[in-house]
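Scroll down for the structure; my scribbles are underneath it.
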Amino acid sequence: MPGRSIRTYTVLPSIPERLKPLNTLAYNLWWCWNADAVALFRRVNPDLFEMLDHSPIRLLAATSQDRLVELEGDDGFLAHMDRVAAALDHYLKAPTWFREAHGATDGDLKIAYFSAEFGIHESVPVYSGGLGVLAGDHLKSASDLGLPLVGVSLMYREGYFRQYLNVDGWQQERYPENDFFTLPLIPQLDAAGNPVLVSVPLPGRELKLKIWHIQVGRVPLYLLDANIPENRPEDRAITAQLYGGDHHTRIQQEIILGIGGIRALRAVGVVPTVVHMNEGHAAFAALERVRVAMEEHKLDFAAAAEFVKAGTCFTTHTPVPAGNDAFPVVMIDEYLGGYMAAMGVDRAGLLALGRQHPTNDGEPFGMTVLALKLANTSNGVSKLHGSVSRKMWHEIWPGLPADEVPISSITNGVHTQSWLSPEVGQLYDRYLAVQWEAKPTDYAVWKRVEHIPDAELWRTHERGRERLVAFARQRLKAQLKRRGSPPSEVDAADEVLDPDALTIGFARRFATYKRGDLIFRNIERIVKLVNDKDRPVQFIFSGKAHPKDQGGKELIARVVQMARRSELRRRVVFLEDYDMNVARYLVQGVDVWLNNPRRPLEASGTSGMKVPVNGGLNLSILDGWWVEGYDGDNGWAIGAGEEYTDLAYQDEVESRSLYDQIEQDVVPLFYTRGADGLPRGWIRRMKRSIMTCVPVFNTNRMVEEYAERCYLPSHRRYAKLGANHLTAAKALAGWRKRVGGDWGQVRVEGVEAPAGATHRVGGAFPVTVRVQLGSFHPDDVEVQLCYGVLGALGEITEPRAMALLPEGSFSKNGSGAGLVTYAGKVPCSASGQFGFGVRVLPKHADLPHLFEPGLVTWG
Ligand SMILES: *Cc1c(COP(=O)(O)O)cnc(C)c1O
């Protein structure tokens, strides 16, 4: 009601003293991955809890004073509450992996993890999909492991949209406002009790930001909010929607996230030594840290950039172009021109940071490029995605072969306890080693799944499927009612799906490359599958399309129209408004999780990882994580990892393979029952799925890898460059400048190896190389011999590199050495046709690896 003067006020429940622990629990998201805590809140009022997105705060606010008084006198409830409160207390104080493994040597590590979205729980709707859920799971595991990490993001007043469908199955979007008072948000206040504000520059004005804080176990998540009276009305809307608005909204949000995020951390007294940018959205954080370093330490841009880069890690998440933000140059001029000029960076220098080809005027400013250039470790999210990313971005390092582009991979995971069904959790309590929750990465623990009696595992799994079917029917009824369907149709929803039938789930973002409608390519075959009298198959779909993705919306409409056909209606359903709650029901209830993206566009995919922990099986294209996860016996692969250029042909081949798999392998295995009614072969596969996938594809393993391969090495380099008034950072900047200018002097003048070239296995042959180093000292370079088996095209496949050593002695003063001879011996460890080449790379002890500068001279 604009124009009218409304005074707002908030009424909070008055929680009796004895029940105060409920409040403490409600404000630490730890509760959401602890089954006993969830059960406690459910006990307050199960129906309300269901209705209110499982939000403890809204539950407590909606619970009548009578009920609270009743609970206060309920000994069973109080004992339950005290037990959960003690468990949280214990969790917060217990020794952790980080403290034990690294606390003594790297106790001053401080990581800030920046992400545009965080999916922690459905009651905190500031996520859209996989990226956010991954970020949420990252926080939860960082908390479990005791990693000194904080999260940074935006607080979206409306979050991501809620989906409903019109009569034609066309996606409609709704943006209900988040009520901040019933979210687990704590405002960040100064000593006088006033909100801490920071600001970021926008064209012609400063935007003010308020800081909120959510506690996730041990880890705080800070959220920035532009919706405060200090800002113009239109500016207050900048943080309204996640991935909403246009290009301008996007760059403004990214300025808030990156620049505002660093400022907010300083304002709350957190000074990270390592910043992890989860996707390019956060890349401006690196620029702001450079600005701060310049100001604080009186550095030039180059030296400050070396320093910041040492403490910056980056993860890229998708090869799909729409997922890699790039802004037209005019927008960079508009939004960052003044900011960068104040730092003394000229326009060309700024644009070069966001371009693969710095002098290409037609190239927009890429956030992924900026992040890659300002991070000292970069990675993709599965082995395959790492290799795809190296090819995709290799032009940033033009001299390097794609294999050696410095983008590694750390495969995603999921937070095991967040996705595990309570019933299956109880089975694990009974049959795995004690404290299995503390060791999600231990193969030996998960191997004990073999001890679970088949009948018990199967019955527990069937209960999950029954719950899913009941949930789906109830959602379906609500959907139909809202759409105004006739009562007969609404009632018929009680008859859809069969709690005993083989249930296949497909739920994820509806992006066209994920091909949500592939299973409908051959109507005859799908109709036959689902209507088999003795061995029926049923499908449950769910997922949102980005509001601007017409192709994605068409896919949803097609699935919905399919689900309405009379031959399919009872066995195919689409559940509206996919969120973490729907995801949980699905991954805990399906027999099979289907994924059929166009390889290699699914960088990792994580929904499939949530299924094995509950005993489900994956049926997927060999893309993303499944290339690593599939072992021939723990699920099924569609195809053999082929890639296609003819997309229609690909759909034809892969849909056929999909039907064949379901008809010939999946259905028979599921419906082959012993005299006791158990599908023994299926159960064996379930156990293999648990044993092989769960210990690997979890975020505890993932976060440990980030800690050991990215955070700790970065932290140490950052400390080294920052010591003694940043002497090493300045020296490194000077060195890089010199290498950039003079590298052309370096040449390989001659290579000598014995003629004839036949050698015996076990032997070795000498090689000497003359290298013109010009003004460089031997300490500045590495001369390498690359050797390996020759491929059919005369190229060296999987080359191995060996450093050659300079002959003679050189002064330590670092002056140019001119012509230097290098020598080494090439080992012959296997027979075959081999080849070798020689190359020279610049080398510096403070760089993470030789390939980082992207310079190489081949002989
Ligand atoms: C796990 C999850 C995803 C991720 O799905 P993928 O496409 O498999 O990566 C998306 N949305 C929600 C709600 C999830 O829980």
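We count ligands from 1, going down the list as the structure has it; atoms in each ligand are counted the same way. Hydrogens, waters and symmetry mates are skipped; everything else that's a heavy atom, side chains included, is used.
Looking at Asn700 and Thr441, their side chains never bring a donor and an acceptor atom within 3.5 Å of each other. For the residue pair Glu423 and Thr460, no side-chain donor N or O sits within less than 3.5 Å of a side-chain acceptor on the partner. Counting only N and O atoms by type, the side chains of Tyr222 and Ser153 include no donor and acceptor under 3.5 Å apart.
Screening residues 316-325 for salt bridge (charged side-chain N to carboxylate O under 4.0 Å, His left out), with sequence neighbours left out, gives Arg250-Asp325.
If you look at Phe41 and His54, their ring centroids are not closer than 6.0 Å.
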Write out each pair where an N or O from ligand 1 and one from the protein are under 3.5 Å apart, with the distance.
{"from": "ligand 1", "atom 1": "7 (O)", "to": "Lys514", "atom 2": "NZ", "distance (Å)": "2.6"}
{"from": "ligand 1", "atom 1": "8 (O)", "to": "Thr606", "atom 2": "N", "distance (Å)": "3.4"}
{"from": "ligand 1", "atom 1": "8 (O)", "to": "Ser607", "atom 2": "N", "distance (Å)": "3.0"}
{"from": "ligand 1", "atom 1": "8 (O)", "to": "Ser607", "atom 2": "OG", "distance (Å)": "2.4"}
{"from": "ligand 1", "atom 1": "9 (O)", "to": "Thr606", "atom 2": "N", "distance (Å)": "3.0"}
{"from": "ligand 1", "atom 1": "15 (O)", "to": "Lys610", "atom 2": "NZ", "distance (Å)": "2.6"}

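Considering Gln171, Glu576, Lys544 in turn, Gln171 is the only one that fulfils the side-chain hydrogen bond (donor to acceptor under 3.5 Å, both in side chains) rule with Gln163.
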